[in-house]
*Asks:* 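Structure incoming, see below.
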Amino acid sequence: QVQLAESGGGVVQPGGSLRLACAASGSFSSVHTMAWFRQTSPEASRELVASNTPGANTRYADSVKGRFTLSRDDAKNTHYLQMNNLEPADTAVYYCKTVASGTDYPRTQFWGRGIQVTVSS
């Protein structure tokens, strides 16, 4: 019922910046939580990077706090992750997540397919 399309990934040198975008489309009436997760390897867990719910403070993982910024444009049904001062440890597949509800379904989480971010010299 909701499709999430990630963009903005790629390869960047340490200290560089990238801006990820997650655009939602489909059938929904309300968007609640918007978040980003990442997975460094197939055997690793998918860890929370940042999340925001309307009217609440944005939460960040300690490892990215002060370097990453989550923002959302509800008019465009899009949320972003501005990543500055990137480090090799930030290399991962990044997944966007949205909690949305529609007229015919309750709050449901939806995931993007993931986008690769590689930080390397």
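Computed over heavy atoms, backbone and side chain alike; hydrogens, waters and symmetry mates excluded. In this text, all values refer to a predicted model and were calculated from it rather than measured experimentally.
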*Asks:* Please list all pairs passing the side-chain hydrogen bond (donor to acceptor under 3.5 Å, both in side chains) test where one or both residues lie in residues 4-15, with sequence neighbours left out.
*Replies:* none

*Asks:* Tell me whether L4 is reachable from Y94 by hopping between hydrophobic residues (I, L, V, M, F, W, Y) whose side-chain heavy atoms are closer than 4.5 Å.
*Replies:* no

*Asks:* Would L20 end up clustered with V93 when hydrophobic side chains under 4.5 Å apart are linked, directly or stepwise?
*Replies:* no

*Asks:* Can you list every ring pair (Phe, Tyr, Trp, His ring centres under 6.0 Å) pair that touches residues 37-82, not counting sequence neighbours?
*Replies:* W36-H79, F37-W111

*Asks:* Can F110 be reached from Y95 by stepping across I, L, V, M, F, W or Y side chains whose heavy atoms are under 4.5 Å apart?
*Replies:* no

*Asks:* Quick one: list whatever passes side chain to side chain donor-acceptor pair (under 3.5 Å) with Q1, sequence neighbours left out.
*Replies:* none

*Asks:* Any side-chain heavy atom of K97 within less than 4.5 Å of one from M34?
*Replies:* no

*Asks:* Please check this pair: side chain of S29 against backbone of S101, looking for a donor-acceptor N/O pair closer than 3.5 Å.
*Replies:* yes

*Asks:* Assess whether side-chain contact (heavy atoms from CB on, under 4.5 Å) is satisfied between V64 and M83, documenting all intermediate values.
*Replies:* CA-CA 8 Å; V64 308; M83 304 183 293; over 6 Å; no

*Asks:* If you look only at pairs with a residue in residues 3-32, which of them pass as a ring pair (Phe, Tyr, Trp, His ring centres under 6.0 Å), with sequence neighbours excluded?
*Replies:* none

*Asks:* Please output the side-chain donor-acceptor pairs of residues 45-59 that fall under 3.5 Å, not counting sequence neighbours, one pair per line with the distance.
*Replies:*
residue: E47; atom: OE2; partner: R38; partner atom: NE; Å: 2.8
residue: N52; atom: OD1; partner: R72; partner atom: NH1; Å: 3.0
residue: N52; atom: ND2; partner: A56; partner atom: O; Å: 3.2
residue: N52; atom: ND2; partner: T58; partner atom: OG1; Å: 3.1
residue: R59; atom: NH1; partner: N57; partner atom: O; Å: 2.8

*Asks:* Assigning hydrophobic clusters by single linkage (Ile, Leu, Val, Met, Phe, Trp, Tyr; side-chain heavy-atom cutoff under 4.5 Å), is L70 placed with L18?
*Replies:* yes

*Asks:* Taking it one step at a time, do V31 and N77 satisfy side-chain contact (heavy atoms from CB on, under 4.5 Å)?
*Replies:* CA-CA 8 Å; V31 176; N77 296 315; 4.3 Å; yes

*Asks:* Is there a donor-acceptor contact under 3.5 Å from the side chain of R19 to the main chain of Q82?
*Replies:* no

*Asks:* side-chain contact (heavy atoms from CB on, under 4.5 Å), that's the test. Do D74 and K76 meet it? Break it down for me.
*Replies:* CA-CA 5 Å; D74 292 332; K76 296 181 178 180; over 6 Å; no

*Asks:* Please answer whether the main-chain N or O of A89 pairs with a side-chain N or O of T91 as donor and acceptor at a distance below 3.5 Å.
*Replies:* no

*Asks:* Check N85 against R67 and note the closest heavy-atom contact, atom names and distance.
*Replies:* O-NH1, 2.9 Å

*Asks:* First locate atom CG of L81, then atom OG of S71, and finally report the distance between them rounded to the nearest 0.5 Å.
*Replies:* 8.5 Å

*Asks:* List the atom pairs, with distances to 0.1 Å, where a side-chain N or O of residues 113-121 and a protein N or O form a donor-acceptor pair under 3.5 Å, not counting sequence neighbours.
*Replies:*
residue: Q116; atom: NE2; partner: A92; partner atom: O; Å: 3.4
residue: Q116; atom: NE2; partner: T118; partner atom: OG1; Å: 3.3

*Asks:* Do you see a donor-acceptor pair shorter than 3.5 Å between the side chains of T78 and D73?
*Replies:* no

